[in-house]
Asks: 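Take this structure first; my questions come after.
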Amino acid sequence: MKIYGLLVAALLMTLVGCAAMDTEAKGDRQDALYACDCGPQCKCNTVGTKPGKCACGAPLKGGHVIKTEGNEALMCTCGPDCQCKLDPNDPTKCGCGKVVKRVDLKGSGVYFCNCGGSCMCNTVSDKPGECKCGMQLKKVD
Ligand SMILES: [Zn+2]
Ligand SMILES: [Zn+2]
Ligand SMILES: [Zn+2]
């Protein structure tokens with residue numbers, strides 16, 4: 001049963017998202033992003049899809065993408081496990097009340113979806129692939 005469930009999840013994950021797999025495969029979320037946030041004036045712009053350390057020495061802060069605009073990902077920094085969404089009334093804030101952090105994905109090596117130049121697919125990856133919307137993820141060097 002478990003193996004069957006995993007197979008189905010693997011086949012359908014691009015269509016149905018992660019709701020059904022939350023308990024089994026939390027690590028398969030596609031919106032987790034880690035960025036340096038060494039202070040309000042942080043200019044490091046270190047970003048990746050896995051935890052790590054910035055060149056400045058600070059550990060990368062885990063968050064998740066809530067919108068993509070051009071090459072910029074808007075991320076909430078309340079943690080990669082959080083499900084909060086962009087505040088519909090205030091585009092500078094996340095629904096959890098935190099100020100949205102903008103990270104430039106250009107040159108980061110991160111693949112991302114930006115269908116239509118601005119999208120809420122919130123799919124990021126360290127390798128090429130297809131977004132749940134059907135578009136190929138892209139990388140900007
Ligand atoms: Zn840094
Ligand atoms: Zn949030
Ligand atoms: Zn997409």
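Counting starts at 1 for both ligands and their atoms, in listed order.
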Asks: Could you check whether any side-chain heavy atom of C82 comes within less than 4.5 Å of a side-chain heavy atom of H64, counting everything from C-beta outward?
Replies: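 Side chain of C82 against side chain of H64, heavy atoms only: contact under 4.5 Å found.
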Asks: To the nearest 0.5 Å, how far apart are CG in D37 and OG1 in T46?
Replies: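 So the gap between those two atoms works out to 11.0 Å.
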Asks: If you round to 10 degrees, what value do you get for the angle at the Zn ion (ligand 1) between C56 atom SG and C54 atom SG?
Replies: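 Angle SG(C56)-the Zn ion (ligand 1)-SG(C54): 100°, rounded to 10°.
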Asks: Verify side-chain contact (heavy atoms from CB on, under 4.5 Å) between F112 and K138, making sure each step is shown before the conclusion.
Replies: CA-CA 5 Å; F112 61 100; K138 69 173 217 169; 3.9 Å; yes
Asks: Hey, is there an N, O or S on C119 sitting under 2.8 Å from the Zn ion (ligand 3)?
Replies: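 For C119, the answer is no, given that no N, O or S atom comes within less than 2.8 Å of the Zn ion (ligand 3).
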Asks: Between D104 and R102, is the salt bridge (Lys or Arg N to Asp or Glu O under 4.0 Å) condition met? List the steps.
Replies: CA-CA 7 Å; D104 192 352; R102 283 174 174 268; over 6 Å; no
Asks: Where the Zn ion (ligand 3) is the corner point, what angle links SG of C131 with SG of C121, to 10°?
Replies: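 If I round to 10°, I get 110°.
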Asks: Is there an N/O/S atom in C42 at a distance below 2.8 Å from the Zn ion (ligand 1)?
Replies: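 For C42, the answer is no, given that no N, O or S atom comes within less than 2.8 Å of the Zn ion (ligand 1).
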Asks: Could you confirm whether C38 has any N/O/S atom lying under 2.8 Å from the Zn ion (ligand 1)?
Replies: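 For C38, the answer is no, given that no N, O or S atom comes within less than 2.8 Å of the Zn ion (ligand 1).
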Asks: Within 2.8 Å of the Zn ion (ligand 3), is there any N, O or S atom belonging to C113?
Replies: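 It does: C113 brings an N, O or S atom closer than 2.8 Å to the Zn ion (ligand 3).
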Asks: Are any of the side-chain heavy atoms of L60 and C54 separated by less than 4.5 Å?
Replies: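 Counting from C-beta outward, L60 and C54 do come under 4.5 Å.
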Asks: What's the verdict on side-chain contact (heavy atoms from CB on, under 4.5 Å) for C133 and C119, showing C-alpha distance, side-chain angles and the deciding distance?
Replies: CA-CA 10 Å; C133 71; C119 95; over 6 Å; no
Asks: About how large, to 10 degrees, is the angle SG of C76, then the Zn ion (ligand 2), then SG of C96?
Replies: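 Taking the Zn ion (ligand 2) as the apex, I get 110° for this pair.
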Asks: What angle, to the nearest 10°, do the atoms SG (C84) and SG (C94) form about the Zn ion (ligand 2)?
Replies: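 Angle SG(C84)-the Zn ion (ligand 2)-SG(C94): 90°, rounded to 10°.
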